[in-house]
Each structure stands twice: as C-alpha cells, then as structure tokens.
Amino acid sequence: MDLYDKVIELSKRRGFLWNSFEIYGGAAGFYDYGPYGAMLKRCVENIWRDFFVVQEGFFEIESPTIGIEDIFVASGHVSGFSDPITECLKCGEVFRADHLINNIVSGADGLSSDELERLIKLHNTRCPECGGNLDKVYDFNLMFTTSIGSGAGRKAYLRPETAQGMFVDFPRLLRFYREKLPFGATQIGKAYRNEISPRQGVLRLREFTQAEAEIFIDPVDKTHPRFKEIAKKKLTLYPANVQEEGGEPITMQLDEAVSSGIIAHECIAYYINLTCEFLVACGIDSHRLRLRQHRSDEMAHYAADCWDAEVYLDRFGWVEVVGIADRTDYDLKAHMKLSQAQLTVFKEYKTAQKRDVVEIKPNMAYIGPTFKNKAREIINALQNISPGDIKNGTVAVNVNGETITLGSEAFTIERRVEEIRGENVVPHVIEPSFGIDRIIYAILEHSYFEEMVEDETRVVLKLPMKIAPVKAAVLPLLTRNELIEPANRIVSLLKKIGIQTVFDDSGTIGRRYRRNDEIGTPYAITIDYETLKDGTVTIRDRDTMKQVRVPIKGIDLKISNALTQVPPL
RNA sequence: GCACCGAUAGUCUAGUGGUAUGACAUGGGCCUUCCAAGCCCAUGACCCGGGUUCAAAUCCCGGUCGGUGCACCA
C-alpha cells in the first residue's frame with residue numbers, strides 16, 4: 001500500500017471522500033465529500049475567503065454554473081476547448097487529427113474537422129500504430145452541453161471554469177468598485193469538464209470546485225502597493241529557462257526574482273506569495289511545494305506570465321494545484337468584441353492633455369434639402385474628411401462613385417482646444433485559480449503521519465486546527481452515567497460557542513484517541529473519576545499526546561483560545 | 001477512447017462449479033481510571049447484466065467502477 005492508497009482508504013473509511021453514486025455502480029470523475037470531508041472543504045474555502053475576500057478585499061460573487069453559448073464562444077472554449085479526434089478503424093486507437101498531419105501541413109491545429117479530414121485523405125495518412133485506415137474526424141468538446149427552456153431550447157454549457165462569470169459581470173463590478181483600478185472579484189464554485197478519461201481519484205474530476213480571483217489592474221502599472229512587505233520572502237521557484245536547461249528549482253527572494261525578470265512583475269509575485277501562504281495555512285508542507293513557471297510552449301499565447309503552484313504527491317510526483325496567470329486583456333477584449341459592451345475603465349491622466357482640434361461640421365439645414373436622399377451618405381463622407389482636403393473653401397466627397405463638390409455653405413470649420421482628461425483602457429487581469437479538490441487531497445496526504453507508539457502504528461492527521469473537521473472530542477473514560485453526564489455538559493458548553501465537538505463513548509479510551517487522531521481532532525477532553533471529585537478534566541493534544549488537567553470551569557474559553565492559538569495551552 | 005490487470009462485509013483480505021476465511025473496524029452490555037491489545041454478545045460481503053450448467057460468487061461474454069500504460073489535460 002503506498003501513501004495514496006493509505007490516504008484514500010482512510011478517507012473512505014472515516015467519511016472524507018466517497019465515490020459518487022456507489023450503490024448504482026458509480027461514475028468515473030465524480031466524488032462525494034462525506035461528513036468530515038465536506039466540513040474540511042468548508043474550512044479550506046473559508047481560509048481562502050479570509051485570504052482573498054477579507055484581507056485582499058476582493059468580494060465574492062456567485063454566477064450560474066450554466067452559461068449561455070455566447071459566453072463560451074467569446075472565451076474561446078467552444079472552439080478551443082475541443083479537440084479534433086480520429087479513430088483507427090482497424091485497431092481502434094484514437095489520435096488528435098491535427099497532430100497526425102502536423103509534420104505535413106504547418107498550422108494544422110487551426111484547421112476545421114472537415115479540412116483535417118480532407119488533408120488526411122489527400123496525404124493518405126494512416127494509423128501510426130498499425131497502419132490502418134482512419135475514421136472521420138470529429139470534434140470532442142470537453143464542455144458538458146445542455147439547453148435552456150423547452151423543445152430545442154437555447155444551447156448552453158456547464159461552465160468549465162468560474163472565471164467567465166466574473167469577466168461577464170465586469171461593467172457591474174467596475175461600478176461597484178467606483179470605477180477605479182485595481183479591483184478584484186472572486187468566486188468559489190463548481191466547474192465541469194467532460195474529461196475523456198478521469199483518473200487519479202480526486203485529482204481529475206468531471207465536476208470540481210474552483211476558487212478563482214480575477215484581479216483587474218492597470219495595464220501599464222503592474223507594481224503592487226504591498227509588494228515591499230513580502231519582497232524578502234524566499235520561495236522555491238522553477239523558472240522556464242531552468243526547466244529547459246534541465247536544471248533544478250531554485251530558492252530565491254521575491255524582489256530578486258522580479259528585478260532579474262524571472263517573475264514578470266510585482267503583482268504576479270505578490271499573488272504567488274499569497275498563494276503559498278494560503279497553501280501552507282491549509283496544511284500543505286512547504287518542503288513539498290514549488291512554483292513552476294510555464295514554458296513558452298505551454299503558456300497560452302495571450303498570457304504575459306504564468307506560474308503553477310505544484311505540490312509533491314507520493315504517487316503522482318509534482319501536481320499542479322494553483323495556476324497564477326497574467327491573462328492581460330485577452331478575456332475582456334474577447335467579450336467586448338462579441339457582446340459589443342464597453343469593458344473599459346476610464347483612466348484619468350495626472351494632468352489633462354490639451355490638443356488643438358479642427359472639426360468639419362456639416363450644415364444639415366443646407367445639405368438635407370439640397371441633396372435629399374443622398375444627404376446621409378454625404379454627411380458620412382464628410383466625417384472622413386480632414387481639413388487639409390478643403391481647397392478654396394470647397395471640398396470634394398465621393399458618394400457611391402459620384403464626386404460631389406460642396407461649397408462653404410455646406411459645412412463650417414470649427415477650431416477649438418480640446419482637453420483630454422484621460423483615456424479608456426482595457427484592464428489586464430491577474431488570475432489566481434485554485435483547484436480546491438486537489439488541494440484537499442494534498443492536505444490529507446501532507447498531514448498523514450504514521451508514528452510508532454509502543455510497537456503500534458499510530459495514524460494521525462496533523463491538520464492545522466483551522467481546517468480540522470472536528471475541533472474537540474469529549475470522552476468519558478468509561479461508559480457510565482456518572483461520567484457521561486458531565487461529558488454531555490461539556491459538549492453543549494463547547495457547541496454553544498460554535499466549536500465543532502463530538503461525543504464518543506464507544507470502545508476503550510485508547511481506541512477513541514486513535515479514532516480522533518485519524519480524523520485530525522486537535523483536542524480530546526477526557527472525563528474520569530477525578531472529575532467527580534474536583535471538577536477537573538484532562539485535555540489531550542493530538543500531536544504530542546500530552547495531557548494537561550484543567551478545571552471544567554472556563555474550559556470553553558481555554559479550548560477556543562487554543563484553537564485560535566491566542567496563548568498556548 | 002484503446003490495451004493490460006483487478007473487483008469478496010465499513011476497511012483490508014483467504015478461497016472454491018454446490019452461498020464463503022480471517023483480521024481490523026462497527027453496535028449493545030460489563031469494567032473505578034488514559035493511548036487502537038480486557039470480558040460477553042451481536043450486525044455485516046461475493047460489482048451489474050446476459051450466457052453455459054441440475055447448480056455460477058467461481059467458467060464465458062458484455063457493461064460499470066478502480067489501477068497502470070497510450071492518448072488527452074484550453
């Protein structure tokens with residue numbers, strides 16, 4: 001049994017992760033979070049909220065998981081998220097059609113399925129495996145399709161990422177943040193991808209949870225006001241050029257990484273650091289965490305820089321859990337083009353610029369009656385005339401091949417000084433995108449410890465207190481009423497102040513400690529016969545197994561302080 | 001989607017053409033004292049469908065799920 005098997009086995013047995021729809025045989029790519037799993041996930045999401053929503057001030061929005069077709073046409077998912085696939089008729093092997101003819105035709109990846117099929121026939125391309133004939137080329141799109149309304153309905157897709165919901169709300173968000181950069185929006189929610197072959201448990205799901213921030217920044221100023229606070233932090237970086245040269249990741253200070261151009265700018269560096277702080281706060285081992293830069297061949301063409309936070313997993317090696325990209329203005333421009341909406345922000349100059357303007361204003365009262373139904377065309381043509389085209393007070397315009405000469409009665413020339421206070425710019429977007437399910441698996445694996453205690457293996461999940469699904473277990477030493485009663489009183493005391501507490505009186509005390517170690521419960525409170533004499537109980541620490549004896553009075557405060565680590569226990 | 005391998009209680013597992021082994025876990029009870037090890041009792045499984053057969057959990061075929069490799073992973 002490797003570590004993956006052990007973690008999955010524990011997760012199943014203790015109610016963290018279950019395969020979905022098990023009684024009907026299950027479905028690949030879907031997982032249920034069991035009681036402790038759902039609780040842990042909620043805790044992870046809340047820590048994320050604390051980092052991005054509370055601390056950074058990027059409010060959370062919630063948009064539908066179903067999106068209308070236009071959104072994904074604009075985002076490129078309708079065309080770019082599908083792959084042209086062809087199958088060998090003899091051996092059944094499946095190939096990317098564009099890859100097959102890439103070496104014959106350049107730019108094959110941009111061609112349509114029909115075009116690819118034609119080229120495969122033309123060049124008599126055969127199955128690289130067995131030489132058999134190839135089937136028709138068809139598009140396999142990774143988006144789930146659905147429809148809105150009855151009958152044929154309106155075509156729609158389940159969103160493949162939460163990001164588009166925030167891009168689409170840009171005008172509303174801009175107004176919400178009072179028309180000023182920078183600002184950000186976040187979203188935690190489900191996304192859907194119809195993976196061809198989901199594998200590796202919770203690492204590649206068809207329905208998964210993302211936490212994404214879209215941070216809209218000034219395209220020409222990518223500094224970050226708080227960068228200086230984190231400039232001296234050291235992180236494990238794996239820059240693109242180092243990867244290409246086959247080198248090892250390097251530990252580097254962030255200000256050096258920015259000034260040497262390894263990280264494109266302060267803003268990306270700031271969120272790289274924030275990402276690491278978040279992951280470590282969730283229980284990711286910082287020694288099994290690195291930041292790998294996308295190589296130019298894997299980075300989207302529009303991205304200015306892109307880093308993946310990767311965690312080391314026993315079975316799978318380095319696995320991406322977060323992507324942090326400078327997506328530039330790609331998404332907003334794409335939506336602007338298709339929707340015709342103005343997705344820009346007015347950026348005021350420090351000092352207004354003055355400019356001499358010469359404008360030709362048509363005289364409607366003359367042109368209208370004189371030219372009647374040609375008037376509209378003439379006015380349009382006049383818009384494109386520059387003052388230099390005016391010769392002796394007349395100007396010639398071309399309307400449908402006919403040259404019409406207009407005299408000074410047809411227009412006036414206006415000269416004025418225009419003040420330009422600023423300009424409309426399309427913001428750039430920094431996008432940290434978190435795969436919550438992968439993070440949760442990594443947390444479980446990195447928190448999993450086996451220790452030898454008196455020749456027995458003790459399994460303990462050393463989860464940070466903030467994400468432990470159960471914070472305290474209350475255990476009467478023996479299953480006897482005189483001990484159960486005070487135990488119940490402590491349970492309700494703790495529950496009243498919002499501490500997730502369980503009562504457990506089943507089996508020997510040692511077994512119950514082990515049971516709670518396995519789900520990462522930080523504290524176990526034991527009621528024994530001394531409790532009846534002097535009103536004290538013991539509190540046991542999960543990691544050290546050490547116990548302290550404390551009075552019941554004030555235990556709620558004591559536990560709550562310990563959980564928030566105000567003073568040590 | 002293809003190929004190979006696998007699927008037995010909550011978990012891990014033994015095994016067979018005649019309904020199944022064990023461990024751990026779980027539930028109830030006992031226990032005046034703390035780290036899965038005490039005592040008594042109890043619950044609990046052959047992935048689904050079809051075929052062969054007197055009889056299939058076992059053999060065959062198909063499917064589902066899982067693992068691995070290929071492909072895919074904006």
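Keep in mind it's a predicted model, so treat the numbers as computed, not measured. Every chain is numbered from 1, with letters handed out A, B, ... down the list of sequences.
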When rounded to the nearest Å, what value does the distance between C1' atoms of B:rC30 and B:rU16 take? 40 Å

Look at A:Thr479 and B:rC30 and indicate whether a side-chain polar atom (N or O) is within less than 4.0 Å of OP1 or OP2. no

Between B:rA9 atom P and A:Arg13 atom CZ, what is the distance in whole Å? 15 Å

Check: A:Thr457/A:Glu450 side-chain N/O donor and acceptor closer than 3.5 Å: no

Could you tell me how far apart A:Tyr24 (OH) and B:rU64 (P) are, to the nearest whole angstrom? 18 Å

Distance under 6.0 Å and angle within 45° of ring axis: A:Arg290 vs A:Trp318: yes

Looking only at side-chain N and O atoms, does A:Gln243 offer a donor or acceptor that is under 3.5 Å from a partner on A:Arg292? yes

Pairing nucleotide - B:rA23, Watson-Crick or G-U, each distance under 3.5 Å: B:rU11

Interatomic distance, OH@A:Tyr4 vs CD@A:Glu9, rounded to 0.5 Å, equals 12.5 Å

Scan every strand shown for a Watson-Crick or G-U wobble partner of B:rA36, both distances under 3.5 Å, and answer none if you come up empty. none

Mind checking the C1' distance from B:rA37 to B:rA3? Whole angstroms is fine. 47 Å

Whether A:Arg540 engages the ring of A:Tyr513 as a cation-pi pair (distance to the six-membered ring centre under 6.0 angstrom, angle to the ring normal within 45°) should be assessed. yes

How many whole angstroms separate atom CG of A:Asn19 from atom P of B:rG66? 6 Å

Nucleotide forming a Watson-Crick or wobble pair with B:rC47, both distances under 3.5 Å: B:rG63

Complement of B:rC2, any strand, by Watson-Crick or G-U distances under 3.5 angstrom: B:rG69

Distance check, C1' atoms only: B:rC2 and B:rA55, in whole angstrom units. 37 Å

A:Arg511 CZ to B:rA25 P, straight-line distance once rounded to whole Å: 4 Å

Between A:Tyr302 and A:Asp331, a side-chain donor and acceptor under 3.5 Å: no

Atom pairs under 3.5 Å, N or O on each side, protein against nucleotides 39-41 of chain B: can you list them with distances?
none

Look at atom NZ of A:Lys333 and say whether more than 12 heavy atoms of other residues, nucleotides or ligands are closer to it than 6.0 Å. no

Which value, rounded to the nearest 0.5 Å, describes the distance between A:Gln293 atom CD and A:Met299 atom CE? 7.0 Å

Between B:rA23 and B:rC48, how far is it from one P atom to the other, in whole Å? 26 Å

Rounding to an integer number of angstrom, what distance separates B:rG15 and B:rC70 when you compare their P atoms? 32 Å

Residues from residues 304-320 of chain A sitting under 4.0 Å of RNA chain B, heavy atoms only? A:Arg315, A:Phe316

For nucleotides B:rA7 and B:rC47, find the distance between their P atoms and express it as a whole number of Å. 8 Å

Integer-rounded Å distance: B:rG28 P and A:Asp504 CG: 10 Å

So CZ of A:Phe503 and NZ of A:Lys495: to nearest 0.5 Å the spacing works out to 10.0 Å

